[in-house]
Amino acid sequence: MNKIDVAKKRAELLQGIEVKLEVNEGRNRFVCYEGKIKDLYPYVFTFVAFLYGKERLLSFSYVDLMTKRIKIFPASEKSQNVLS
């Protein structure tokens, strides 16, 4: 099992569960979203973020998980990193 398969499996295990997503946008800029992993595709997964009372659909690749560009935390506790 290669690293991409591990990242896919981690996303699959968290699908439908309320999580916090921390995205590294480069140059020390981080954006945090709360929401759920909606759908899984062969190369990407979609994430429904709840922003200002509205839903926003975002997509990320499994490589983002593998390279730690995004980190996923349980919604209840940010201190416990699930997918780093």
Side-chain angles (χ1 to χ4, degrees):
M1 184 177 269
N2 61 24
K3 290 182 181 182
I4 294 283
D5 292 334
V6 171
K8 284 181 183 180
K9 189 64 174 174
R10 289 177 177 169
E12 182 182 329
L13 291 173
L14 292 172
Q15 185 177 13
I17 298 172
E18 190 79 24
V19 294
K20 289 184 182 180
L21 198 75
E22 184 179 285
V23 181
N24 181 350
E25 293 189 339
R27 295 190 178 229
N28 246 358
R29 287 181 296 181
F30 293 88
V31 178
C32 293
Y33 299 105
E34 290 189 27
K36 296 180 180 181
I37 295 175
K38 184 177 179 184
D39 293 315
L40 302 171
Y41 297 100
Y43 300 103
V44 297
F45 64 94
T46 58
F47 183 80
V48 177
F50 305 113
L51 297 170
Y52 308 112
K54 296 182 181 179
E55 290 184 355
R56 183 175 171 196
L57 188 64
L58 306 169
S59 64
F60 300 98
S61 70
Y62 299 111
V63 174
D64 293 333
L65 279 177
M66 188 181 75
T67 60
K68 299 184 182 179
R69 179 180 169 260
I70 62 172
K71 294 181 182 178
I72 300 178
F73 303 95
S76 60
E77 295 180 32
K78 186 177 176 186
S79 61
Q80 191 177 28
N81 189 346
V82 174
L83 290 182
S84 64

Examine I37 and F50 and state if one hydrophobic cluster contains both, with Ile, Leu, Val, Met, Phe, Trp and Tyr joined whenever side-chain heavy atoms are less than 4.5 Å apart.
no
Could you tell me whether a side-chain N or O of Q15 sits under 3.5 Å from a main-chain N or O of K38, the two making a donor and an acceptor?
yes
Applying the 4.5 Å side-chain criterion to the ILVMFWY set and letting contacts propagate, would V31 and L65 be lumped into a single cluster?
yes
Begin from the C-alpha positions of I70 and F47 and carry the test side chain to side chain contact (heavy atoms under 4.5 Å, CB included) through to its verdict.
CA-CA 12 Å; I70 62 172; F47 183 80; over 6 Å; no
Identify whether F73 and V48 are in the same connected component of the hydrophobic contact network (ILVMFWY, side-chain heavy atoms under 4.5 Å).
no
Closest heavy-atom contact between I4 and M66?
CD1-SD, 3.8 Å
For the residue pair K36 and G16, what are the closest heavy atoms and their distance?
CD-O, 3.6 Å
Hydrophobic clustering (ILVMFWY, side-chain heavy atoms < 4.5 Å, transitive) - are L58 and L14 grouped together?
yes
Taking K8 for its side chain and P42 for its backbone only, find out whether a donor-acceptor pair lies under 3.5 Å.
yes
Once the angle between the rings of F45 and Y62 is folded into 0 to 90°, is it parallel (under 30°), tilted (30 to 60°) or perpendicular (over 60°)?
tilted
Tell me whether L13 is reachable from V19 by hopping between hydrophobic residues (I, L, V, M, F, W, Y) whose side-chain heavy atoms are closer than 4.5 Å.
no
Are the side chains of K20 and I72 in contact, using a 4.5 Å heavy-atom criterion?
no
